[in-house]
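None of these values were measured; they are calculated from a predicted model. Only this structure's heavy atoms are used, side chains among them; waters, hydrogens and symmetry mates stay out. Chain letters run A, B, ... following the sequence lines, proteins first, then strands; residues in each count from 1.
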Amino acid sequence: MAYTTHEIHRIEEKWQEIWRQRKIFNAQMDSAKEKYYVLEMFPYPSGKIHMGHVRNYTIADVIARFKMMQGRNVLHPMGFDAFGQPAENAAIKNKVDPAQWTHGCIDQMRQGLKRMGFSYDWDREISTCDASYYRWNQWIFLKMFERGLAYRKASSVNWCGGCETTLANEEVIQGQCWRCKSEVVQRKLDQWYLRITAYNEALLEDLKKLSRWPQRVVTMQENWVGKSHGVNIFFKVKDREDILTVFTTRADTIFGATYIVLAPEHPLVEELVKGTPDEKEIMAFIQKVANESKSLRVCGDKKKEGISTGRHAVNPVNGEVIPIWIADYVLMEYGTGAIMAVPTHDQRDFLFAKEYQLPMRIVIQNPAEPGIKEQDLTYAYEGDGVLVHSAQFSGLSNVRAVEKIGEWMSANPPAWIGETSPDKSQGDLSRRGCHVMGKVSVHWRLRDWLISRQRYWGTPIPMIACDRCGIVPVPEKDLPVVLPENIKITGQGGSPLNYCAEFVNVLCPRCHKSARRETDTMATFFDSSWYYLRYCSACDERQVFDKKEAAYWMPVDQYVGGIEHAILHLLYSRFFTKFFKDLGWVNFDEPFIRLLTQGMVLKDGEVMSKSRGNTVDPDDVIERYGADALRLCILFAAPPEDQLEWSDSAVDGSWKFLNRLWHLVENRYVPASGNMGREAMDQADKDLERARHTAIKKVTEDISEGYKFNTAISSLMILMNEIDRYHNAAGNAMPTGGQTMKQVLLNKAIRTVVLLLSPFTPHICEELWEKMGGCEESIVRVPWPAYDKDALQQDLVQIVVQVNGKLRGRCEVRPQITEEEIKELVLADAKIQGFLQGRPLRRFIYVPGKLANVVVEEG
RNA sequence: GGGCAAGUGGUGGAAUGGCAUACACGCAGGACUUAAAAUCCUGUGGCCGUAAGGCUGUGUGGGUUCGACUCCCACCUUGCCCACCA
């Protein structure tokens, strides 16, 4: 029977059906067995699966099947991240119901995944848009609310005009909406936040436990949480009682501070400029900056703009009076929204000072330009050096001064104490903690997570606003707050739920008078922050997840997904896990032990995407070559973490290889019995056995150590080549139907290829295994083969001979040969002698089993 | 501006201190065929040479080493991430 396209489809469908019927991939908790949880980032159901999905899920599937064969109890679930904007956009554009559209996409996607033959436990499938799932979102939200981790606050938020909704900091990329790329602007709004910053220390500290995550993801998270050590310095406003707190990591430059800059949004600004001659002009400037888009404001190349307040501040270390400015380059979101400017040692301050002709003073000597004057500077010196013009700290290295000055400021009163009048201000200031110059402090970059979205297709936030009782949570017994259907979605006028009277108008759970339901929905990243826990007991209707099941299955042993989630999703998931630990629902700190970020799939050097129009439909490939060839091709073409350049001819190659394997079993596999001891083997037999064991070793190590599927597959190709060679050489000794020992060895090698290849191309391997008389219910139940060290031994090894590091010959020796013996052998060799040209031997290096290097005088 | 990753034949890639280019694609030649496809065999970094063989060769320049694709320093290029973060 030929391995035709028709035959491939029959085989693939046959085995997919068998897996389903025999429940091969249904996971059961079994404390007697060691578990293994392998998980892929679940897809957004946008329709058909694309090559990115195929790659992601094929990688994880190989791992899952490999672990199954190694005897682990494997949990490998799949589901759909089904809430989100595309469904709403489709509703606006095509006038279809988001729920209907989403379910259509899910069906299509599920079918695509099944066609690939992935080893999912479909009984655990979840969809985040089902009330059976999102009710637990609401439950979690209530638990967070109880503990003060979910709160409502009015503040300036990121607003995307394109999506007509708010965005989390993490969703703003270069000042633009991560989804639609619209400019993000700031708006004052009352919104729901999650207090992720309560965990900032743990989110940073526990990164140390993630030794099996890619370093760059850990670094990205580290930078995002952004802990910086520095000093809060208290500057008093001259002739007023106000204190301006500035944060700096460069306390060593405090004596070089020549002006103060406030962010335009700084709360003290209005107060400070009130009644001053330039008030109007200043307020106009602030308004102008406020109207600017975030990306423009945050662009580093932009000319820095500012305006003087006319007010002055007193430097606590020396009583120096310096001007207070307002400028767009200082951001309210970071630090205290106020900085001390040191133009000589900070490039931003330098540019600003040049622009507005503000004074500067050098306080760190640049060793490359000693004695340079302030007016001759062309850039700020940000490097290390010795302090000058810094009172008692002059002469100290700036690195040490950072610490020393911080300590000194924390322990001593400011210069203006006692100098200010009237006297009563002193007591007032001390009460505010300003009896010292500054305070060593830590600032974080991480902000609380804004989760309100003015969208329809998401989890309703389970809160009710009552005029009498304030914000009241929906009682647990009333969950879920079901998302109403048949809503008109126009894409305009804010949250569509606002217009749904039966949803909005409710009775207050506390006073039972009329009240209004919250109409914002949760950001969809909420849904995906805990779905891995839900899979542990996906059908449990009584609780968010089963503690016992989660204790058994969690944490996820291997997580596979795209690098694009390196910050958002992974950070949020880590936060939720820590929250569940505090709730007492889990007993571990981190959800994902090992993380693999697969590379992108490219076509003609560009990322494959719908908008570029360079996609290759996996379905078309399956139609022509089958799922196995597609899987093999995508695994063989590149290591999983690298970018993968799609090429049609590569599938052709995989298909040819599977064909060869098919015909190998069809034509060369002849049932035979018996066993051949090593002593009875000739050289060819030993070589075949060695090739077989080498392949077992290599494939096992390549899969488990670095997920080097491409080299694992190539070693199987090598074994196949060896089998062909062996068969051709042994032709005469192997008559058709022969019961010879050669046939036994050959069969063994063929069975090994099929077993080792089965995680990569499961359908064809199941079929061939069955043909060869395997009687297990599935090949994943066959134990993974082990290799024998003795069989790897060679009787003779080839040694490379070098003269002065250059390859000059080879020799075959016993592996046990001593250095003395080989030295004698090499030096006696006529060819080597020719290269030595009689020069005296200086050194002889022997790397056992590999190489000998004769070192003589050059020339 | 900062961080990370990468740079190897015509192509995808292999080798992490010891034979550079495994394995595959492509290409060329051959076998089979009336022919084509498929399949099988052989060859395939560059230069010189009929050959044996020699020289050269992993982005560039230096260094360490008996020996460097691999380690160190500097630079160039590309990709990704972050970015007026005080």
Side-chain angles (χ1 to χ4, degrees), chain A residues 2 173-175 214-220 222-224 226-228 230-231 233 246-250 253 261 263 297-304 327-331 333-342 345-349 351-352 382 443-445 563-564 566-567 597 599-600 602 605 607 632-633 636-639 641-654 656-657 659-660 663 708 710-718 720-721 724 728 798-810 842-856 858:
Chain A
I173 310 295
Q174 306 244 307
Q215 185 52 49
R216 63 185 187 131
V217 176
V218 172
T219 308
M220 280 160 74
E222 210 172 273
N223 292 338
W224 191 264
K227 184 179 193 177
S228 54
V231 185
I233 304 178
V246 310
F247 174 69
T248 183
T249 54
R250 293 294 305 271
T253 62
V261 190
R297 167 102 183 258
V298 145
C299 172
D301 306 328
K302 182 181 162 284
K303 201 171 195 181
K304 298 172 192 348
D328 58 355
Y329 78 99
V330 175
L331 307 174
E333 298 99 88
Y334 188 75
T336 59
I339 62 152
M340 62 172 202
V342 185
H345 306 294
D346 182 294
Q347 187 62 18
R348 292 158 300 177
D349 297 344
L351 292 174
F352 190 78
E382 295 179 337
H443 279 260
W444 300 84
R445 218 190 76 111
I563 186 76
E564 67 273 18
I567 295 174
T597 50
M600 300 216 176
L602 311 182
V607 176
L632 189 68
C633 149
F636 183 59
E641 311 218 52
D642 290 7
Q643 294 190 332
L644 183 148
E645 173 71 38
W646 177 263
S647 102
D648 293 325
S649 61
V651 204
D652 228 38
S654 298
K656 270 192 217 164
F657 174 73
N659 250 287
R660 257 181 85 196
H663 290 113
K708 295 185 273 185
N710 55 334
T711 50
I713 292 166
S714 83
S715 64
L716 285 170
M717 291 173 169
I718 292 171
M720 281 254 288
N721 293 345
D724 271 353
N728 293 343
Q798 202 177 63
I799 300 289
V800 169
V801 182
Q802 297 182 331
V803 173
N804 285 351
K806 269 194 182 158
L807 176 69
R808 293 303 184 191
R810 305 153 200 282
R842 278 180 32 186
R843 237 175 123 172
F844 185 83
I845 285 149
Y846 176 55
V847 183
K850 275 189 179 160
L851 162 146
N853 188 9
V854 184
V855 184
V856 292
E858 286 287 353

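Spacing between atom CG of A/D328 and atom C1' of B/C84 amounts to 9 Å, rounded to whole angstrom units. At whole-Å resolution of the value, CE in A/M600 and C1' in B/A6 are 15 Å apart. At whole-Å resolution of the value, CG in A/D642 and C1' in B/U78 are 14 Å apart. The distance from atom OH of A/Y329 to atom C1' of B/A83 is 16 Å, rounded to the nearest whole Å. If you measure from atom CG of A/N659 to atom P of B/A37, you get 17 Å, rounded to the nearest angstrom. One interatomic measurement links the two molecules: CE of A/M220 to P of B/C81, which rounds to 7 Å at whole-angstrom precision. Atoms CD1 (A/I718) and C1' (B/A15) sit 12 Å apart, rounded to a whole Å.
Here the separation of B/A14 from B/U64, taken at their P atoms, is 31 Å to the nearest Å.
Here A/K656 reaches the OP1 or OP2 of B/G26: one of its side-chain N or O atoms lies under 4.0 Å away. Applying the 4.0 Å criterion to OP1 and OP2 of B/C85, one finds that A/R348 has a side-chain N or O inside that range. Distances shorter than 4.0 Å separate none of the side-chain N or O atoms of A/K806 from OP1 or OP2 on B/G18. Dashed line: the shortest gap from a side-chain N or O of A/R808 to OP1 or OP2 of B/C55 is under 4.0 Å. Close to B/G18, at under 4.0 Å from its OP1 or OP2, lies no side-chain N or O of A/N853.
Residue A/A637 is classed as a sugar-phosphate contact, given heavy-atom separations below 4.0 Å to backbone atoms only. Among the heavy atoms of the strands lying under 4.0 Å from A/F636 is at least one base atom, whether or not backbone atoms are also near. When heavy atoms are screened at a 4.0 angstrom cut-off, A/Q643 is found touching the sugar-phosphate backbone but no base atom. Counting non-hydrogen atoms under 4.0 angstrom, A/L851 reaches a base of the nucleic acid. At a threshold of 4.0 angstrom between heavy atoms, the contacts of A/G653 are confined to the sugar-phosphate backbone, with no base atom among them. Within 4.0 Å of A/R810, counting heavy atoms only, lies at least one base atom of the nucleic acid. Within 4.0 Å of A/R843, counting heavy atoms only, lies at least one base atom of the nucleic acid. A/V330 comes within 4.0 angstrom of a nucleotide base, judged by non-hydrogen atoms across all strands. Using a 4.0 Å heavy-atom criterion, one finds that A/S647 contacts no nucleic acid atom at all. Among the heavy atoms of the strands lying under 4.0 Å from A/P639 are primed sugar atoms or P, OP1, OP2 only; no base atom is included.
Between the side chains of A/R842 and A/N804, no donor-acceptor pair of N or O atoms lies under 3.5 Å.
In the set B/A83, B/A86, B/G18, B/A86 carries the atom at the smallest distance from any side-chain atom of A/T248. Nearest nucleotide to the A/T219 side chain, out of B/C4, B/G3, B/C84: B/G3. For A/V847, counting side-chain heavy atoms from C-beta on, the closest listed nucleotide (B/G18, B/C85, B/C40) is B/G18. Checked against B/G12, B/A86, B/A20, the side chain of A/L807 finds its nearest nucleotide in B/A20. Set against B/C82, B/C25, B/G13, the side chain of A/A638 has B/G13 as its closest nucleotide. For A/N721, the side-chain atoms get nearest to B/A24 when compared with the rest of B/A24, B/C84, B/A86. For A/Q802, taking side-chain heavy atoms from C-beta onward, the closest of the listed nucleotides B/C23, B/C19, B/C84 is B/C19. Comparing B/C85, B/G18, B/C19 against the side chain of A/V800 picks out B/C19 as the nearest. For A/M717, taking side-chain heavy atoms from C-beta onward, the closest of the listed nucleotides B/C4, B/C23, B/A86 is B/C23.
A heavy-atom distance below 4.5 Å is found between the side chains of A/W646 and A/C633. A heavy-atom distance below 4.5 Å is found between the side chains of A/I563 and A/R216. Two residues are said to be in side-chain contact when any heavy atoms from C-beta on lie closer than 4.5 Å; A/T253 and A/E382 fail this criterion. A/F352 places none of its side-chain heavy atoms less than 4.5 Å from the side chain of A/D346. In this structure the side chain of A/V800 never reaches within 4.5 angstrom of the side chain of A/K850, judged on heavy atoms.
Within the shown strands, B/G30 is the pairing partner of B/C40 under the Watson-Crick or G-U definition, both distances less than 3.5 Å. The pairing partner recorded for B/G57 is none, the criterion being a Watson-Crick or G-U wobble arrangement whose two distances lie under 3.5 angstrom.
B/G9 shows a glycosidic angle within 90° of 0 and is accordingly assigned syn.
Residue side chain A/R216 does not reach the base of B/C80 through any donor-acceptor N/O pair under 3.5 Å, judged by distance alone.
By the side-chain hydrogen bond (donor to acceptor under 3.5 Å, both in side chains) test, A/R250 is found to be paired with A/D252, residues two or more places apart in sequence or in another chain being considered.
If A/I713 and A/L644 are placed on RNA chain B by their nearest nucleotide, the residue sitting closer to the 5' end is A/L644. Nearest-nucleotide positions on RNA chain B for A/G335 and A/T711 put A/T711 closer to the 5' end.
Taking the six-membered ring for Trp and thresholds of 30 and 60 degrees, A/H443 and A/F247 have ring planes inclined between 30 and 60 degrees apart.
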